Amino acid sequence: MSQTLTSAQLKQWLFDGQEIALFDVREHGQYGEAHLFYGVNLPYSRLEIEVPRLAPNPNVRLVVYDQDGGALAQLALARLANLGYRNTWALEGGADGWQAAGNQLFAGVHLPSKAFGEIVEHACDTPRVTAPQLLQWQQQGSALVVLDGRPLDEFRKMNIPGAVCCPNGELSYRLEDLVSDEHTPIVINCAGRTRSIIGAQTLLNLGIKNPIYALENGTQGWFLADQTLEHGNQQHYPSRGPVTAEQLQRSRQLGEQTGVQWVTAEQVRQWADDDQRSLFLGDVRTPEEFAAGSLAGAQHTPGGQLIQGTDLYVGVRKARIVLFDSDGVRVPVVASWLRQLGHEVYVLEGGLDSGLVLPSAAGVAVDLPIATTAELSAARIIDLRPSTLYRKAHLQGAQWSIRPLLAEQVADETRPLVLVADDPQVAQLAARELPAAQRQRTSVLVDWQRLDLPQVENDLSLADAQCIDFLFFVHDRHAGNKEAARQYLAWETGLIAQMTAQEIASFTPLQAVTGVQHA
């Protein structure tokens, strides 16, 4: 059943303690310019691919919105109905209607996680050090360990000189391999603020005795201070041996302090059969560990990133979240943060060795034929890859499009269509928008870069305004644009002032006492 929901009703639902999925079905760039605080981006172009993962229970109370309560939301509701979602609603007036009703729209991404980081700093008085002070310490030859709390792919793009990559979710597990004593100061940094704060506070919450600091404003603060960043660095945490009793004790104690509960595999199996609740199973280990083998039905939710961008993995507020690792050290710490973020989270007893098996979501079936090079000359080529990749390089004659725009763009086309895509599922979904006769003359082309075909490189004829899938706001700050970096940092530090009292109260950070003064 699909109905229209008013902004007032939605505000009530968001805080009534019951499960709710709130999806913004616009493309990522549109979403990032202005969206609801709890809105999770579920672009219509990938809806059937992502919704089984973000909202695995088709009975969940589910609300979608677009810009103005128009056709896009209705298209999304129709697709959700085809997938068996039975309790769906469209927000009246979309994002515009929400704002017109006197409510706040937010720019940026991962709003709850970002705002939570700012609240943690205020509540816990997390110690921090400025970029010039850190540089001075380094130049003086002070004993110091700088740990970058981001994943390795982000670390490679730019890092503080001398830093070692150790994602925040790995800190409790690998700290002793990176710091040899209890006296050396430890500085945690990220690209901006959130992971610097959360990483430093993680160590403080664990009771680590070293002096702990968050690098104020991360690599952006370093850049704004006209200090040189390194690029292409691969220096990361070493392999880990057996865990110690002390590690296990301090992690479990932190989990228990925040109300985390441990749960058996049998209990999780029973929850999986409960059609009135949503269940998420997450593996918080590294990408390498996950690739080597995980539990059936689990998604990879690397611990630091799960805290940083929970909405990438969990699309239902008040759902049950069960997390696991292979060591018992990382998962209680990650779970402690999700508890403080307001989630119902559990640790799986036995972790990777629990024997838990859950069903996995099926992908989108692809029946589009594969295009041959011989067919290209007589066809219209539509490139469905991200707009930034299209600009970088595309087949000669190819035009960029995206699922919500495709049908209108090719409405008068009589030639066969060839859809270029990195993921054939994306092409399959886009083809569903076409009339049956046109769809029968549509094929898909993948791995086109391997073909000896004429290409166009660095094509900027596609204007920024057309790149609705790309959020320039969060990327320009890393492209040598100091003003963009300043604006981004001002956005982060200004989040709390934009939030309602209910939004702020949904977070419960530990009131840590550090005894360490700001540098």
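Reckoned from all heavy atoms, side chains included, excluding hydrogens, waters and symmetry mates. Since the structure is predicted, the reported quantities are computational estimates derived from the model, not experimental observations.
Sorted by first and then second residue, the side-chain hydrogen bond (donor to acceptor under 3.5 Å, both in side chains) pairs involving residues 94-105 (not counting sequence neighbours) are Lys11-Asn103, Gln67-Asp96.
Arg26 and Tyr44 share no side-chain donor-acceptor pair at under 3.5 Å. Side-chain contact, Arg380 with Gln399: a donor N or O sits under 3.5 Å from an acceptor N or O. Residues Gln409 and Ser401 have side chains that bring a donor and an acceptor to within less than 3.5 angstrom of each other. If you check the side chains of Asp274 and Gln276, you find no donor sitting under 3.5 Å from an acceptor. For the residue pair His28 / Asp469, no side-chain donor-acceptor distance below 3.5 Å is found, with atom types taken as modelled. Side chains of Asn168 and Arg195: a donor-acceptor N/O pair is absent below 3.5 angstrom, by distance only.
For Glu289 and Arg330, the salt-bridge test passes: some basic side-chain N is under 4.0 Å from an acidic carboxylate O. In this structure, Glu48 pairs ionically with Arg432, as a charged nitrogen and a carboxylate oxygen lie closer than 4.0 Å. Between Glu170 and Arg285 no salt bridge is recorded (no basic side-chain N to carboxylate O distance below 4.0 Å). In this structure, Glu154 does not pair ionically with Lys157, as no charged nitrogen and carboxylate oxygen lie closer than 4.0 Å.
Separation of atoms CG (Leu22) and CG (Leu10) is listed at 5.5 Å; rounding is to 0.5 Å. Atom CD of residue Glu27 and atom CZ of residue Arg403 lie 9.5 Å apart, to the nearest 0.5 angstrom. Residue Met499 holds its CE atom at 11.0 Å from CD of Gln502, rounded to the nearest 0.5 Å. Between the CD1 atom of Ile381 and the CG atom of Leu419 there is a distance of 10.5 Å, given to the nearest 0.5 Å. Residue Glu492 holds its CD atom at 7.0 Å from CD of Gln220, rounded to the nearest 0.5 Å. Atom CZ of residue Phe23 and atom CG of residue Leu80 lie 8.0 Å apart, to the nearest 0.5 angstrom.
The aromatic rings of Phe472 and Phe470 lie perpendicular to each other, with more than 60° between the two planes, well past the 30° mark.
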| message | Go through it in stages, so that I can follow the logic: the residues are Val64 and Leu72, the test is side-chain contact (heavy atoms from CB on, under 4.5 Å), and I'd like the CA-CA distance, side-chain angles, deciding distance and then a yes or no. | response | CA-CA 10 Å; Val64 302; Leu72 187 61; over 6 Å; no

| field | side chain to side chain donor-acceptor pair (under 3.5 Å) between His110 and Asp311, intermediate numbers included | value | CA-CA 6 Å; His110 316 317; Asp311 57 319; 3.0 Å; yes

| request: Applying salt bridge (Lys or Arg N to Asp or Glu O under 4.0 Å), run through Glu121 and Arg193 and close with a yes or a no. | output: CA-CA 10 Å; Glu121 185 186 50; Arg193 296 179 51 80; 2.7 Å; yes

| query | Arg150 and Met158: side-chain contact (heavy atoms from CB on, under 4.5 Å), yes or no, with the steps? | reply | CA-CA 11 Å; Arg150 301 171 297 157; Met158 69 282 183; 3.4 Å; yes

| request: Any chance you could lay out the side-chain contact (heavy atoms from CB on, under 4.5 Å) test for Glu118 and Thr493, step after step, and finish with the verdict? | output: CA-CA 7 Å; Glu118 297 301 314; Thr493 55; 4.1 Å; yes

| said: What verdict does the side chain to side chain donor-acceptor pair (under 3.5 Å) test give for Asp16 and Gln18, after you've listed the backbone C-alpha separation in whole Å, the side-chain angles of each residue and the deciding distance to 0.1 Å? | reply: CA-CA 6 Å; Asp16 66 5; Gln18 304 301 308; 5.4 Å; no

| task | Go through Leu36 and Tyr65 one step at a time and tell me if the side-chain contact (heavy atoms from CB on, under 4.5 Å) criterion holds. | result | CA-CA 10 Å; Leu36 278 66; Tyr65 69 91; 3.7 Å; yes

| Would Glu375 and Arg441 count as a salt bridge (Lys or Arg N to Asp or Glu O under 4.0 Å) if you check the C-alpha gap in whole Å, the side-chain angles of each, and the deciding distance to 0.1 Å? | CA-CA 11 Å; Glu375 296 171 328; Arg441 292 182 289 108; over 6 Å; no

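Proximity of a side-chain donor or acceptor of Asn481 to a complementary backbone N or O of Ala484 within less than 3.5 Å is detected. Side-chain N or O atoms of Gln466 include one that pairs as donor or acceptor with a backbone N or O of Ala463 at under 3.5 Å. Side chain of Trp13 to main chain of Ile20: no donor-acceptor pair is present (N/O by atom type, distance under 3.5 Å, no hydrogens or angles). Side-chain N or O atoms of Arg439 include one that pairs as donor or acceptor with a backbone N or O of Leu434 at under 3.5 Å. With hydrogens and angles disregarded, a donor-acceptor distance shorter than 3.5 Å links the side chain of Gln340 to the backbone of Leu510. The main-chain N or O of Gly255 is never found under 3.5 Å from a side-chain atom of Ser336 such that the two would form a donor-acceptor pair. A distance-only check finds no donor-acceptor pair linking the side chain of Asn41 to the backbone of Tyr31 [under 3.5 Å]. Remark: the backbone N or O of Gly108 is paired with a side-chain donor or acceptor of His35 at under 3.5 angstrom. The closest donor-acceptor contact from the side chain of Ser113 to the backbone of Ile307 lies under 3.5 Å. For the pair Asp68 (side chain) and Gly93 (backbone), a donor-acceptor distance under 3.5 Å is absent.
Residue Glu19 forms a side-chain hydrogen bond (donor to acceptor under 3.5 Å, both in side chains) with just one option from Lys318, Arg317, Arg277, Arg61, and that option is Arg277.
Heavy atoms from other residues, nucleotides or ligands lying under 6.0 Å from CD of Glu408 number 12 at most. Residue Gln9 qualifies as enclosed at atom CD: its count of foreign heavy atoms under 6.0 Å is above 12.
Taking the ring centroids of Phe116 and Trp337, they lie under the 6.0 Å cut-off. In summary, the aromatic rings of Tyr346 and Trp271 are positioned with their centroids under 6.0 Å apart.
Across Phe290 and Gln299, no two heavy atoms sit closer than the pair CE1-C, 4.1 Å. Nearest heavy atoms, Asn87 versus Trp89: OD1-NE1, 3.1 Å. When all heavy atoms are compared, the tightest approach of Asp275 to Asn57 is O-ND2, 3.1 Å. Summarising the geometry of Ser45 relative to Ile402, their closest heavy-atom pair is CB-CG1, 4.0 Å, with the distance given to 0.1 Å. When all heavy atoms of Pro112 and Tyr38 are compared, the pair lying nearest together is CG-CD2, 4.2 Å. The two residues Leu105 and Gln498 make their nearest non-hydrogen contact at O-NE2, 4.1 Å.
Side-chain contact between Leu395 and Leu445 is present, with heavy atoms from C-beta onward closer than 4.5 Å. Side-chain contact between Val426 and Arg46 is present, with heavy atoms from C-beta onward closer than 4.5 Å. Side-chain contact between Gln425 and Val366 is present, with heavy atoms from C-beta onward closer than 4.5 Å. When side chains are defined from C-beta on, Leu54 does not count as touching Val314, because their heavy atoms never get closer than 4.5 Å.
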